[in-house]
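Residues: numbered from 1 along the sequence shown. Note that ligands are numbered from 1 as they come in the structure, with each ligand's atoms numbered from 1 the same way. Keep in mind that this is a model prediction, so the values were computed, not measured.
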Amino acid sequence: MTATPIDLIGGALTDGFRRAITYLRVSVTDKCNLRCVYCMPEEGLEWLRRDDILTYEEIAAVVRAAAGCGVRAVRLTGGEPLLRRELPQLVASIAAIDGIEDIALSTNGLLLESAAPALARAGLRRVNVSLDTLRPDRFVRIARRAGLEQVLRGIDAALACGLNPVKINCVVLRGENDDEIVDFAEFARRRRVFVRFIEAMPVHAFAREQQERYLSADEVLARIAAHGALLPVDGPGGNGPARYYAFADGHGAIGTISPLSHEYCERCNRVRLGADGRLQLCLFGDHAIDLRGPLRAGASTEDLAELLRAAMLIKPERHHLRLGEPAARMRALSEIGG
Ligand code: SAM
Ligand code: SF4
């Protein structure tokens, strides 16, 4: 990895609302080994065919072009990214691209214990682990599969490998896990991780239920503050929209991600490359261009950079999600966990 300045290929990525795009999220697979109730139906999705998924070389080609246009941070996500074979190879090839300063991973943690050492050696810097409950029976209800112990071991392995910071993403569901908010705050203190509470978003099948399940970030903060005074603090760095708070005694920090109650679109710095090669300009919506076709037709780095710049013109100003209204697309959720 290098932080030395590099020449931009004909200019940075700036959208029509003067936002600089410096952060690329890359979904490496649409498949998952969990079925979280707020994300995927029990029977799974109509999975992409193998040939439709970008190869590591193709992903690296897009990252190279993006880096040439000023992108500095990449997050690997999914589906569940650790299901994709030889992920360290992709990490290593992205780490070798001039201009990329930060590589992160979002995972459900099930396979993290064994994967963490090789990923860290390959150049992964940090990891976000999704975890919505600390109770095994509840884990099975929310994720529709068992695995709490594995996830906890994965978190420990990530810390032991020096991945830093480790952030825990917890989607808060009223009546399901909201009685664990304070437990999670204590977990942050004990394990020295950052726990971020995420507002549940209305996604397709979950849209109707979301209205009853939704609990705002402000309510989360009020419940924790009743347990111990919280002070706003700078976060651990990163590229996401979280707001952070520490306990007055200085141990442990929590964050909130509130796409519905405190929209952060005006600070949006990101686009997302889908596993199928669609570059999505906003998480919730159909603003996208296809990069797989051009890649397979032999597009050069400069051709890809040109396409990335052209795509900036269709990045929307903001998302239009509201309580109980379904998102236009279902696959695209990896953005939330920041
Ligand atoms: N499988 C990986 C994981 O779970 O971390 C990466 C992909 S997952 C889609 C990325 C993040 O999106 C997770 O933190 C998950 O909790 C969050 N997410 C998925 N559906 C959501 C929803 N309806 N509302 C809020 N967050 C959601
Ligand atoms: Fe899988 Fe992550 Fe969605 Fe849960 S949130 S179903 S782990 S992709």
Side-chain angles (χ1 to χ4, degrees), residues 25-45 47 75-84 87 104-112 115 126-133 139-148 150-151 154-155 158 166-174 176-177 184 194-217 220 238 240-242 255-261 270 272 274-275 280 283-284 319 321-338:
R25 305 182 61 97
V26 177
S27 171
V28 298
T29 179
D30 58 334
K31 297 184 185 55
C32 192
N33 44 4
L34 294 181
R35 295 287 183 274
C36 303
V37 289
Y38 48 75
C39 178
M40 277 195 195
E42 177 126 44
E43 64 281 11
L45 301 170
W47 308 121
R75 174 172 296 276
L76 303 178
T77 179
E80 174 46 42
L82 296 182
L83 287 179
R84 183 107 183 231
L87 196 64
L105 173 78
S106 286
T107 172
N108 62 28
L110 272 187
L111 303 174
L112 187 57
R126 51 209 184 82
V127 64
N128 290 0
V129 181
S130 296
L131 181 60
D132 304 323
T133 177
F139 187 100
V140 175
R141 219 169 42 230
I142 298 175
R144 299 202 188 95
R145 304 274 194 280
L148 175 61
Q150 274 164 269
V151 177
I155 291 169
V166 173
K167 299 179 191 166
I168 308 299
N169 286 337
C170 174
V171 176
V172 183
L173 304 169
R174 187 184 292 280
E176 182 65 61
N177 64 355
F184 267 109
F194 294 84
V195 172
R196 290 119 49 92
F197 298 97
I198 304 179
E199 291 180 347
M201 300 286 279
V203 178
H204 284 230
F206 182 67
R208 230 169 304 136
E209 211 187 317
Q210 186 256 4
Q211 239 168 336
E212 297 153 27
R213 296 291 192 188
Y214 177 80
L215 194 136
S216 73
V220 168
T256 57
I257 300 180
S258 44
L260 287 173
S261 65
R270 59 197 54 199
R272 176 179 191 270
Q280 272 177 263
L283 174 60
F284 302 107
H319 73 66
L321 281 188
R322 295 293 169 266
L323 267 181
E325 287 175 21
R329 287 170 55 77
M330 177 141 188
R331 284 182 191 282
L333 273 164
S334 57
E335 184 120 353
I336 302 170

Can you spot which of V172, V220, V171 makes a side-chain contact (heavy atoms from CB on, under 4.5 Å) with I198?
-> V171

Backbone or side chain, does any N or O of [X] fall under 3.5 Å from an N or O of ligand 1?
X: Y38; result: yes
X: N128; result: no
X: M201; result: yes

Heavy-atom closest pair, residues N108 and C32 | ND2-SG, 3.8 Å

Is it the case that the side chain of [X] and the backbone of [Y] share a donor-acceptor pair, with hydrogens and angles ignored and the cut-off at 3.5 Å?
X: R35; Y: R144; result: no
X: E199; Y: A217; result: yes
X: R196; Y: T256; result: no

[X] heavy atoms, cut-off 4.0 Å: which ligand 1 atoms fall inside?
X: T77; value: 6 (C), 7 (C)
X: T107; value: 2 (C), 3 (C), 5 (O)
X: G79; value: 1 (N), 2 (C), 6 (C), 7 (C)
X: E80; value: 1 (N), 2 (C)

With heavy atoms under 4.0 Å as the rule, classify the contact between C32 and ligand 2 as side chain, backbone, both or neither.
-> side chain

Working for side-chain contact (heavy atoms from CB on, under 4.5 Å), residues T77 and L105 | CA-CA 6 Å; T77 179; L105 173 78; over 6 Å; no

Rounded to the nearest 0.5 Å, what separation is found between the SG atom of C36 and the CZ atom of R141?
-> 14.0 Å

How about T107 and E80: does a side-chain donor come under 3.5 Å of a side-chain acceptor?
-> yes

Which ligand 2 atoms, with their elements, are less than 4.0 angstrom from a heavy-atom of G79?
-> 8 (S)

C36 heavy atoms within 4.0 Å reach ligand 2 at atoms 4 (Fe), 5 (S), 6 (S), 7 (S)

Carefully, step by step, assess Q210 and L260 under the rule side-chain contact (heavy atoms from CB on, under 4.5 Å).
-> CA-CA 12 Å; Q210 186 256 4; L260 287 173; 3.3 Å; yes

Closest protein heavy atom to atom 3 (Fe) of ligand 2, given as residue, atom name and distance to 0.1 Å | C39 SG, 2.4 Å

Consider ligand 1: state whether an atom of it lies below 4.0 angstrom from any non-hydrogen atom of E199.
-> yes

Consider ligand 1: state whether an atom of it lies below 4.0 angstrom from any non-hydrogen atom of C36.
-> no

